[in-house]
Amino acid sequence: MSVAVKPKGLDMRTLLLEGRAFFALIVIVAVFSVLSPHYFSLANFLIMASHVAIYGLLAIGMLLVVLNGGIDLSVGSILGLSGCIAGFLMQGVTLQAFGVILYPPVWVVVVLTCALGAFTGLVNGVLIAWFKVPAFVATLGVLYVARGVALLMTNGLTFNALAGKPELGNTGFDWLGFNRLANVPIGVIVLATLAILTGLMLSRTAFGRWLYASGGNPRAAELSGVPVKRVQITVYVLSGICASIAGLVLSSQLTSAGPTAGQSYELTAIAAVVIGGAALTGGRGTIRGTMLGAFVIGFLSDGLVIIGVSSYWQTVFTGAVIVLAVLLNSVQYKPRAKA
Amino acid sequence: MTSAPTPAEVVLSARNIAKSYGSIQALRGVNFDIHRGQVTTLFGENGAGKSTLMKVLSGVVQPTSGEIVLDGQPIVFASSTDARNHGISIIHQELSLAPNLNVRDNIFMGREIMGRSGVDFAEEERQTRALMAELEEQIDPLTPVEDLRLGQQQIVEIARALSVNSRILIMDEPTSALSATEVEVLFKVIRDLTGRGVSIVYISHHLEEALQITNHAVVLRDGAMTAYAERAEIDLEWIVRNMVGENFDLGSPPTGYEMGDVALKIEDISVPDAAGAGYSVVDRLSLSVRAGEIVCIYGLMGAGRTELLETVAGRLTASGGRVLLRGQDVTGLTIAQRIAQGLVLVPEDRQRDGLVQTMTVGNNLSLASIAAFTRGLFTSQKAEQGVIADAIRKVTIKTDPSGAAPIGSLSGGNQQKVVIGKMLTTDPSVILLDEPTRGIDVGAKAEVFRILAERAKSGLAVIYSTSEVGECLSIAHRIIVMNRGRIAAEFPANVSKEKIMAASGEAVVH
């Protein structure tokens, strides 16, 4: 699991309340370990962690947006579109004017895909910060548009040949999804790295402080000289990039990229952020909590699969966990009496 | 309401009304009568207890002791609805109308007339028309309230009060946002109402204006009633004398040093009204302040003080004019750029504009000067702790020196010092403070002024606004009185309170 940098020294209260996601995780692991002999093993944990990586990457971006007091519903669609773009580039780009087929190397594919995610996030951010479109509506619109573009691009079909060919020099796409470093799946390492970087950004950079301030009270932040609009646009761009990375990892894990990948993942990401103790009103939340939230959801749904519970029940359980978490949030952030 | 008004008849009496919140005595022993068909005005500075008294009369809060006598019978109002059922209505300064609904729906909001098939809109509309005819106003019942001018909205509020057969109407600062002609209309309505036997309790900062309409005057100071008299026996001077009284020592202008060059020069600044009403809330105003000088801007609500300060700080955009900081034009710069140049604002409403409630005391203090403790890419926690501890010590905030306490755990005065400390940490050359003493106790006020006076000695130019005349006569070297977006008068530090108040007083011409 990733270790995030904590913003300030832990006091008892935050430990207990933030600890709830941690306790939930322990309970989930304990219960499923009793119910299934296959659950409690390093190999299984690593497999589950590589599933969590997808939600976790989306949740990192979502956390930034939520800290700003916004919401990003488009991440699932950006994930799907990114996979399709990557698949499209891996198949080779035919330039008819020159009569050639370009096979970009994998790193170019990765960079272009992330650039696409950044651009889509930029569209979200500009709509919200400059044109004052409510975040919910702007990102809902982008959700539809990105999904539609992915379907148009692929005509509804799935890209399958993502492995690349050695003679074309574009192999290695499956590295992200299949390889392991010291037995840890690359996807999990990507998640851990991004989580640590985000944790550092939140707690140790001016941008992180700007983000907490403008999420907590944009008017006060603006009067204190915080570039509120720039912060707002940046979080959506970062969220878009996170979604693209998640899209790359997922299509690499599946060695295929379909236009419908990632549907309703945005809701899972929001759930992870909320379970992790962030306030949807902005200004409160940590990367550590969000990562715990992502693991709670991932370990819970994988556990239910392992013990053979119907996937319909998984939906019910996940929903119950989310509601419980939000219930605790309202306890946590209840305004306290003045000392 | 058909019987002819008998001037002497007392409708409602306050008997020894006292109200305390914890250890704070908001009202101590207030006695007065409200006569049928007459206007009784409450005079007093901010915090004198006017609004508390009003809340007691309208049943919003219960008095700690004393009683209210209605028609000769002692009565206890359980709630504002209860008071309304007894014929007492209140019209608040901020109107309580739903702007998206039309006049008819607003008047019958919450007590719709039900017919056989739902709400009887036709009957509601008929009654609304009748009310408007009574008030001699040409307002269509189907107009959305947001399309009405403020004065007309006030008429709608009055119509709503009348529709529940109110005998006593309490009006809190009804003219503060009205134009001179709208005030005329309102006064005519008030005269009509009193002619029909309705009693009015009127609250206003505009003394001259209130004197035109009132029959009785009640003056409050620090929660106690200092005077009660009939209109014929009193004049403006009498009211001011009773309102102001003795004051706590809030310091004196710092002396013994040379003032520097002009630090801030405002040239012909105009600010259009935010609602797009077409007039200017700040009207071609010019002002120069030297380094080390403390200037107080006094004015009534709506005089344009907040708009002026927010424009200079960069929050609002001026429609004309320039702002020069130490000779440099900063007109086009953002708030952040102005802070970097040394021009900072402490906003009027610290909860809404000054503090981030989700952050600690320390993070609030350091928010405006993050660059000062950023080393390369990352902030230095050690350097930040230094900045925080320094700020806490310099503005004497009563909290843990690490600044780790949540901001909400501080008292109002200490919270205000956090906002001031945050801006002082940026090492400004000009500081603007919009009502820096609002809602804090006298001790904290004196401390805020002491901090500002100290910084002025080391060359800081200070401009603060206030609506309490006593605070003009504390540390300011110069007092500017604003009225309707312009400078109405300028006084040296040794001016009298009466002169300041007279200069700010409403100049309604009749």
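Quick note on labels: first sequence line is chain A, next is B, and so on, each numbered from 1.
Taking CG from B:Leu367 and CH2 from A:Trp210, the interatomic distance works out to 10.0 Å, rounded to the nearest 0.5 Å. Here the CE-CZ distance, from A:Met201 to B:Phe378, works out to 10.5 Å after rounding to the nearest 0.5 Å.
Listed by chain and residue number, B:Ser402 satisfy the side-chain hydrogen bond (donor to acceptor under 3.5 Å, both in side chains) test with B:Asp400 (two or more places apart in sequence, or in another chain).
A salt bridge is defined here as a Lys NZ or Arg NE, NH1 or NH2 lying under 4.0 Å from an Asp or Glu carboxylate O, and A:Arg204 with B:Glu384 fails to meet this definition.
For B:Arg338, no part lies near chain A; criterion is any non-hydrogen pair under 4.5 Å. In this structure, chain A has no heavy atom under 4.5 Å from any part of B:Thr334.
For B:Gln328, the CD atom counts as loosely surrounded, since its 6.0 Å shell holds 12 or fewer non-hydrogen atoms of other residues, nucleotides or ligands.
Of all heavy-atom pairs spanning A:Tyr212 and B:Val356, the tightest one is O-CG1, 4.3 Å. In terms of heavy atoms, A:Thr205 sits closest to B:Thr379 at C-CG2, 3.8 Å.
Counting heavy-atom pairs closer than 4.5 Å to chain A, the top-ranked of the candidates B:Asn364, B:Ile370, B:Leu377 is B:Ile370. Note: A:Ala213 leads A:Ala206, A:Pro227, A:Ala213 in heavy-atom pairs under 4.5 Å with chain B.
For a heavy-atom cut-off of 4.5 Å, chain A lies close to B:Leu345, B:Pro347 in residues 341-348 of chain B. Residues of residues 216-224 of chain A lying within less than 4.5 angstrom of chain B, judged on heavy atoms, are A:Gly216, A:Asn217, A:Arg219, A:Ala220, A:Ala221, A:Glu222, A:Leu223, A:Ser224 in numerical order.
Screening residues 225-243 of chain A for side-chain hydrogen bond (donor to acceptor under 3.5 Å, both in side chains), with sequence neighbours left out, gives A:Asp72-A:Ser239.
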